Amino acid sequence: MSSRMFKFGVTAASACAGSVIAAWSIDRWNSPHVVNNAVQRPPKRKRTLPMRSEQIKSLMSGEEYDVLIIGGGATGAGCALDSVTRGLKTALVELDDFASGTSSRSTKLIHGGVRYLQKAILGLDLEQYRMVKEALAERANMLESAPHLTHPLPIMLPVYTWWQVPYYWVGIKAYDLVAGDRNVKSSYLLSKKDALELFPMLKKDKLCGAIVYYDGQQDDARMCLAVALTAARHGAVVCNHVEVKELLKKDNGSGKQVLCGAKVKDHISGKEFTVKAKCIINATGPFTDTIRKMDDPTVKSICCPSSGVHIVLPGYYSPDQMGLLDPSTSDGRVIFFLPWQRQTIAGTTDLPCEITHNPAPTEDEIQFILSEIKNYLNADVEVRRGDVLSAWSGIRPLVSDPNKDDTQSLARNHIVHVSPSNLITIAGGKWTTYRAMAEHTLDAAIKACNLKPERAEAVTSYLKIEGGQGWTPTMYIRLVQDFGLECEVAQHLAKSYGDRAFAVSKMASLTGKRWPIIGNRIHPEFPYIDAEIRYGVREYACTAVDMIARRLRLAFLNVQAAQEALPAVVEIMGEELKWSKEEKERQIKHATEFLANEMGHTINRTSKERIPIKLSKEEIQTYVKRFQLIDKDKKGYVSINDIRRALKSFGDGDVSGEQLHDILKEIDTNMNGQVELDEYLQMMSAIKTGDVAYSRFARMAELEEQKHEAANLKQKISVDRSGGGL
């Protein structure tokens, strides 16, 4: 009893402290980053988007830019948009593709940080409180600026201990209170019955109730791309696949060496050239120190990288419009379980890692996430390793503040640092605050480099991002009625491209069917169509990976589906970019390696190989019989011709060569181009244990046995026994 009273006392004290601090802060404390609304409106954007070749030509022209931004992630793209809309001549270069790093590998949330507010209240930490307040204001800005790519998402926090109900309820209400008039929607308390009605997959044993609060959700890669495209429409030169090889300096007239440009290389054409600039901004996320040491080799590293792994599960793991938060995992982390693009995202982990351009998930991290979500789902939902459709790792660029003497402690918020040579470094922070981070960075750049913008203050809080101006929630209906698109495809285009969906639809090819009239899907399970690939090239997609990972999100949603769609994607891109046969093969190879290493394809296959065969004697006899029925030539293995012959006997004679290879690859763990008996038995064991969800080869073998038994039965029954005859 005394323990319960103590817990209740802690809860009450926390509730009072949280409410008082939050209310006092809103009434008394003004953020130093409040946007000034008394500013000029930004200039009108250009009507047409320049081609990438035109952007490269501008970059090579030898003209001097006011600002050169290194890094095409969320922060870099935000800096480009802030800079160009202030009237500064702006260029941005990115080594890989826009959002190719951390910015496409997030949890897809737009949030202030519930756990940060908890720490701020319990620890009376004003810095963390300010960070949450700023993020909540920026959350509202993102939802308003890109309504097609973002939406409010209710997130359920299930409670299994009675005293935690008031504790969490007060904390979530404080979250609403700190957001003030920028709150998305008010949180609310649910009974056990109502919680299970909204989230039926939830474990009901000992459930006391739940609290639902609201944050935002986004398509992160397309959001970053849209910000970069908006900057380009306003006149910024933005170029992906351009690497900075060297920073250039000059004497400023008073004996001080300051940056004046960079030597860069376009990896598409192979050309190297110099870009002159008055100011250089380092917005390279985990690679912050690489650019800082290019400026000054003696500086200490400030980036402390941390790996965050996410997995994607089938959509039936969660309701369509309700996420789940596990506030305290077995090792003290936070796990989100969220619906996204008709699938379910679960993550994330938080482990120190090495900085790399190709981060990859590990089996241990995947298993950790699976084991944690098992704790919250009921017995009807069997959490299976085979249900992991894709997995990826993103590197969080946590940094220590070089502006402080004590550089050992990590900065909780973003930092802006100006080096002696005027390199402006923006590091840390999070996706939600990209616009505010860009504003603070440009403020510092203008001051340090004595720039002369047309507008002294940022105007990005007023701006609609690419596709957001003409978008409405029912715009997809016009796409269905005007173009003859499938409803699902039209909804997808409207959400991904906003008012640019009409331009995408005009590129769609005829299906040759009565309905839909246009829009050939590149994969039958997803609403992506051929026109998006052609339009994606106009959005500066240069490689197959650019397309399947960031213009389309197929690689993140289902790595096997992405592999299956790859030949069609490369074929269409080849038409647009005039690729040779050799270049197409190179693109397929590179994309296959990307899917295998960075999207979890290899680790999914490896997990199958580790599974011991756990089958009964009767099951093994059944599966050996099925295998032998497909292996009609008694070779001891099944070849691709055996698969083709079996499918033809079922009436599937139009199966393409790529589809046959896909069926073979899903079970050919030895990768020798044939299926051996032990591989088949291992697959059937994996299906039995849940480590593999489904196999087309296994289904084909089952149908082959049924066909064989039906044929035997037909031979056994004579005309006399069947009651026939004269």
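The structure presented is a predicted model; accordingly, all values stated were derived computationally and were not measured.
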Check for a donor-acceptor pair, side chain of Ser104 on one end and backbone N or O of Ala99 on the other, with a separation under 3.5 Å.
-> yes

Rounded to the nearest 0.5 Å, how far apart are CG of Asp219 and NZ of Lys108?
-> 7.5 Å

If you measure from CG on Asn378 to CE on Met201, what distance do you get to the nearest 0.5 Å?
-> 8.5 Å

In terms of ring plane angle, is the pair Tyr317 and Phe337 parallel, tilted or perpendicular, where the classes change at 30° and 60°?
-> perpendicular

Answer yes if the side chains of Thr107 and His310 hold a donor-acceptor pair under 3.5 Å, and no otherwise.
-> yes

Val559 and its side-chain contact (heavy atoms from CB on, under 4.5 Å) partner, picked from Thr602, Leu595, Leu554 = Leu595

Are the side chain of Asp215 and the backbone N or O of Leu109 linked by a donor-acceptor pair below 3.5 Å?
-> no

Tell me yes or no: between the side chains of Thr592 and Gln563, is some donor less than 3.5 Å from an acceptor?
-> yes

Would you say the side chain of Pro286 lies within less than 4.5 Å of the side chain of Thr102, judging by non-hydrogen atoms?
-> yes

Give a yes/no verdict on a cation-pi contact between Arg500 and Tyr497, requiring under 6.0 Å between NZ or CZ and the six-membered ring centre and an angle within 45° of the axis.
-> no

Centres of the His523 and Tyr528 rings: under 6.0 Å?
-> no

Is there a donor-acceptor pair under 3.5 Å between the side chain of Ser307 and the backbone N or O of Pro352?
-> no

Take atom NZ of Lys430 as the centre, draw a 6.0 Å sphere, and report whether it contains more than 12 heavy atoms from other residues, nucleotides or ligands.
-> yes

Audit row: His357, Phe287, ring-ring contact (aromatic ring centres under 6.0 Å, His included) steps and yes/no | CA-CA 9 Å; His357 288 284; Phe287 303 96; 4.1 Å; yes

